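Input: a single structure, listed below in structure tokens.
Because the structure is a prediction, the values reported are computed rather than measured.
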Amino acid sequence: MLHRNYKLLAPLAALLLTLLVSGPSTYGQTLQIDSSTANWIEGFADFVRWQDEENYERITIGVIGAPEVANYLARRAQTRSSKPRIQVLELTHRDSFEGLDIVYVGGGNRKHWKEILEKCVRHRILSISSRDGFVEAGGCVEFVVRRNRLRFYIANENTKACGVVISSKLLELALEPNK
């Protein structure tokens, strides 16, 4: 009887071991990407300006479909001592984008990109996403992972259409397409 219980426990133990080994690393990697994404978005707030506007006291960042990124940004906003101050709002594609300066578009929103990007142009909003093809669809910034580091593309024509001026320092860090 004891031998039979070991036979039943062996597959369960193997499954548990697999979950313990693979689960946290995938989860940890996702959290690391979310926190890195939030850090980069916050950094963009320091290196972008809008045409004909100066001296931003506060930048409002909308986050669509990425609650962990929104949580990281909100925590960073609370501890941020430098200007501009940051305010973070969670949105959907249906919301009004009035009053926003930056929008981060998370997963599950590809079918709404056209609507989101039209609002970004209309309201002069810097659009950012980590989704493949975002800059080709009209977005301003697309985050990508290269050599285990979070990097980004910047679409200059799209930023100009949104009235956004990006610092030359930030442009130097951007990847060239197809690299």
(message) Which residues pass the side chain to side chain contact (heavy atoms under 4.5 Å, CB included) test with Lys169, not counting sequence neighbours?
(response) Phe47, Ser167
From [atom1] ([X]) to [atom2] ([Y]), nearest 0.5 Å:
| X | Y | atom1 | atom2 | answer |
| --- | --- | --- | --- | --- |
| Arg94 | Lys119 | CZ | NZ | 9.5 Å |
| Ser82 | Asp46 | OG | CG | 5.5 Å |
| Gln51 | Cys162 | CD | SG | 10.0 Å |
| Thr37 | Glu42 | OG1 | CD | 13.0 Å |
| Arg75 | Gln78 | CZ | CD | 9.0 Å |

With a 4.5 Å cut-off on side-chain heavy atoms, are [Y] and [X] touching?
| X | Y | result |
| --- | --- | --- |
| Asn156 | Leu171 | yes |
| Ser35 | Val69 | no |
| Arg58 | Lys83 | no |
| Phe152 | Ile128 | no |
| Gln87 | Ile61 | no |

Hydrophobic cluster identity match, [X] and [Y], side-chain contacts under 4.5 Å:
| X | Y | result |
| --- | --- | --- |
| Val63 | Ile41 | yes |
| Val165 | Leu126 | no |
| Leu117 | Val105 | yes |
| Tyr72 | Ile64 | no |
| Ile125 | Ile86 | no |

(request) Evaluate the criterion salt bridge (Lys or Arg N to Asp or Glu O under 4.0 Å) for residue pair Arg85 and Glu57; output intermediate values, then yes/no. (result) CA-CA 6 Å; Arg85 303 304 248 157; Glu57 293 292 319; over 6 Å; no
(request) Taking Glu142 for its side chain and Tyr153 for its backbone only, find out whether a donor-acceptor pair lies under 3.5 Å. (result) no
(message) For the backbone of Leu173 and the side chain of Arg151, can you confirm whether one donor and one acceptor N or O come within less than 3.5 Å of each other?
(response) yes
Compare every heavy atom of [Y] with every heavy atom of [X], then report the nearest pair and how far apart it is.
| X | Y | value |
| --- | --- | --- |
| Gly65 | Asn109 | CA-ND2, 3.9 Å |
| Gly139 | Ala155 | O-CB, 3.6 Å |
| Gly62 | Leu91 | CA-CD1, 3.8 Å |
| Cys140 | Ser127 | N-OG, 3.0 Å |
| Asn158 | Gly138 | ND2-C, 3.2 Å |
| Ala38 | Leu73 | O-CD2, 3.4 Å |

(request) Give me the ring orientation class for His112 and His93: parallel if the planes are under 30° apart, tilted from 30 to 60°, perpendicular past 60°. (result) parallel
(request) Take Arg76 and Asn39 through the side-chain contact (heavy atoms from CB on, under 4.5 Å) test and state the conclusion after the steps. (result) CA-CA 8 Å; Arg76 302 273 310 174; Asn39 289 339; 3.4 Å; yes
(message) Can you tell me if Glu157 has over 12 outside heavy atoms packed within less than 6.0 Å of its CD?
(response) no
(request) Show your working on side-chain contact (heavy atoms from CB on, under 4.5 Å) between Phe44 and Val164 and close with a plain yes or no. (result) CA-CA 11 Å; Phe44 268 75; Val164 177; over 6 Å; no
In a table with atom names and distances, give each donor-acceptor pair under 3.5 Å that connects a side chain of residues 95-104 to protein atoms at least two apart or in another chain.
from: Asp95; atom 1: OD2; to: Thr92; atom 2: N; distance (Å): 2.7
from: Ser96; atom 1: OG; to: Glu98; atom 2: N; distance (Å): 3.2
from: Asp101; atom 1: OD2; to: Thr60; atom 2: N; distance (Å): 2.8
from: Tyr104; atom 1: OH; to: Ser130; atom 2: OG; distance (Å): 2.7

(request) Mind running side-chain contact (heavy atoms from CB on, under 4.5 Å) on Arg131 and Arg110 for me, showing each step along the way? (result) CA-CA 8 Å; Arg131 300 297 168 208; Arg110 186 177 296 267; 4.3 Å; yes
(request) Verify side-chain contact (heavy atoms from CB on, under 4.5 Å) between Trp40 and Leu150, making sure each step is shown before the conclusion. (result) CA-CA 9 Å; Trp40 273 106; Leu150 191 63; 3.5 Å; yes
